[in-house]
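Every value quoted in this text rests on a predicted model; they were computed, and no experiment measured them.
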Amino acid sequence: MTQQITLKGNATEVEGQLPSPGDRLPDFKLTGANLRDVALADFAGKRKIFNIFPSMDTPTCALSVKRFNAEVDALDNIALLQISADLPFAHSRFCTAEGLENGTTLSMMRDKRFGQDYGVLIANGPMAGLCARAVIVADEQGTVLHSELVPEIGQEPNYEDALAALKV
């Protein structure tokens, strides 16, 4: 199944289907900053917010990483997962340079199945192989409370809706 978003107004296909409210999160295996595999089970018992984006090296992605990092600072029992196809080294460089300490950066460098299973893998165009911009909020048991596939890659996500779902 494919969905469609735009990049500067040009249609781009995205593989898979973004999980919807009420769905259970699919398991995943991504690469953490220490180059170790990380799975959904590593965040069991915590509310989760997935900030999924193409690359930290783009202005809109950098804004979303900083904004979610600041917003979750005052919240308890939250796992902020910042996910892209960037290498873990790029994630670490960016977070260190920006002084960001909240959240876990995760990379699809070893396995693109996350992108397909979560409905965010860009299938064609100049950004093929990267993640589309999306936000997913889930409860402690992994049930989706909120999801948004941002329709235009250069647009920021709806922070207010995501944060409101996180606080329910």
Cluster check Ile52, Val135: I/L/V/M/F/W/Y, side chain < 4.5 angstrom: no

Side-chain donor/acceptor of Glu15 to backbone N/O of Val120, under 3.5 Å: no

Cluster check Phe53, Leu130: I/L/V/M/F/W/Y, side chain < 4.5 angstrom: no

Salt bridge (charged side-chain N to carboxylate O under 4.0 Å, His left out): pairs with one or both residues in residues 42-59, sequence neighbours excluded: Arg47-Glu140, Asp57-Arg93

Between SG on residue Cys131 and CE on residue Met108, distance to nearest 0.5 Å: 3.5 Å

Partners passing salt bridge (charged side-chain N to carboxylate O under 4.0 Å, His left out) against Asp37 (at least two apart in sequence or in another chain): Arg110

Heavy-atom closest contact (Leu35 atom, Pro88 atom, distance): CD2-CG, 3.7 Å

Steps toward side chain to side chain contact (heavy atoms under 4.5 Å, CB included) verdict (Phe28, Asp111): CA-CA 9 Å; Phe28 61 77; Asp111 191 347; over 6 Å; no

Val65 side chain near Met56 side chain, heavy-atom distance below 4.5 Å: yes

Counterpart residues, side-chain contact (heavy atoms from CB on, under 4.5 Å), relative to Ala44 (two or more places apart): none

Set of residues satisfying side-chain hydrogen bond (donor to acceptor under 3.5 Å, both in side chains) with respect to Ser64, sequence neighbours excluded: Asn51

Qualifying salt bridge (charged side-chain N to carboxylate O under 4.0 Å, His left out) pairs, either residue in residues 70-87, two or more places apart: Arg67-Glu71

Reported OG-to-CG distance for the pair Ser20 and Leu149, which is rounded to 0.5 angstrom: 10.5 Å

Point-to-point distance, once rounded to the nearest 0.5 Å, from CG of Asp27 to NZ of Lys29: 10.0 Å

Interatomic distance, Leu166 atom CG to Asp161 atom CG [nearest 0.5 angstrom]: 12.5 Å

Side-chain donor or acceptor of Thr6 paired with backbone N/O of Pro151 under 3.5 Å: yes

Nearest non-hydrogen partners of Leu40 and Pro26, listed with the distance: CD2-O, 3.7 Å

Set of residues satisfying side-chain contact (heavy atoms from CB on, under 4.5 Å) with respect to Thr12, sequence neighbours excluded: Ile5, Leu7, Ile122, Asn124

Which atom of Pro157 lies closest to which atom of Arg133, heavy atoms considered: CD-CD, 3.8 Å

Step-by-step side chain to side chain contact (heavy atoms under 4.5 Å, CB included) determination, Gln82 to Leu106: CA-CA 6 Å; Gln82 311 267 28; Leu106 298 169; over 6 Å; no

Pairwise ring-ring contact (aromatic ring centres under 6.0 Å, His included) hits with a residue in residues 115-148, at least two apart: Phe50-Tyr118, Phe114-Tyr118

Separation of Thr105 OG1 from Asn69 CG (nearest 0.5 Å): 10.5 Å

Shared hydrophobic cluster, Ile83 / Met127 (ILVMFWY, side-chain heavy atoms < 4.5 Å): yes

Point-to-point distance, once rounded to the nearest 0.5 Å, from CD1 of Ile153 to OG of Ser55: 12.0 Å

Non-neighbouring partners of Ser147 that pass side-chain contact (heavy atoms from CB on, under 4.5 Å), sequence neighbours left out: Leu18, Pro21, Ile136, Val144

Same cluster (ILVMFWY, side-chain, under 4.5 Å), Leu81 and Leu145: no

Under 3.5 Å: donor-acceptor pair, side chain of Glu152, backbone of Gly9: yes

Gln4: side-chain contact (heavy atoms from CB on, under 4.5 Å) partners, not counting sequence neighbours: Ala11

Salt bridge (charged side-chain N to carboxylate O under 4.0 Å, His left out) against Asp139, all qualifying residues, sequence neighbours excluded: none

Pairs flagged by ring-ring contact (aromatic ring centres under 6.0 Å, His included) wherever residues 60-101 is involved - sequence neighbours left out: Phe68-Tyr159

Of all pairs that satisfy salt bridge (charged side-chain N to carboxylate O under 4.0 Å, His left out), the ones with a partner from residues 114-124, not counting sequence neighbours: none

Shortest non-hydrogen contact from Gly129 toward Ala85: O-CB, 4.2 Å

Flag, side chain of Gln3 to backbone of Glu13, donor-acceptor distance under 3.5 Å: no

Cluster link Leu80 to Phe43, ILVMFWY, side chain under 4.5 Å: no

Heavy-atom closest pair, residues Ala138 and Leu25: CB-CD1, 3.5 Å

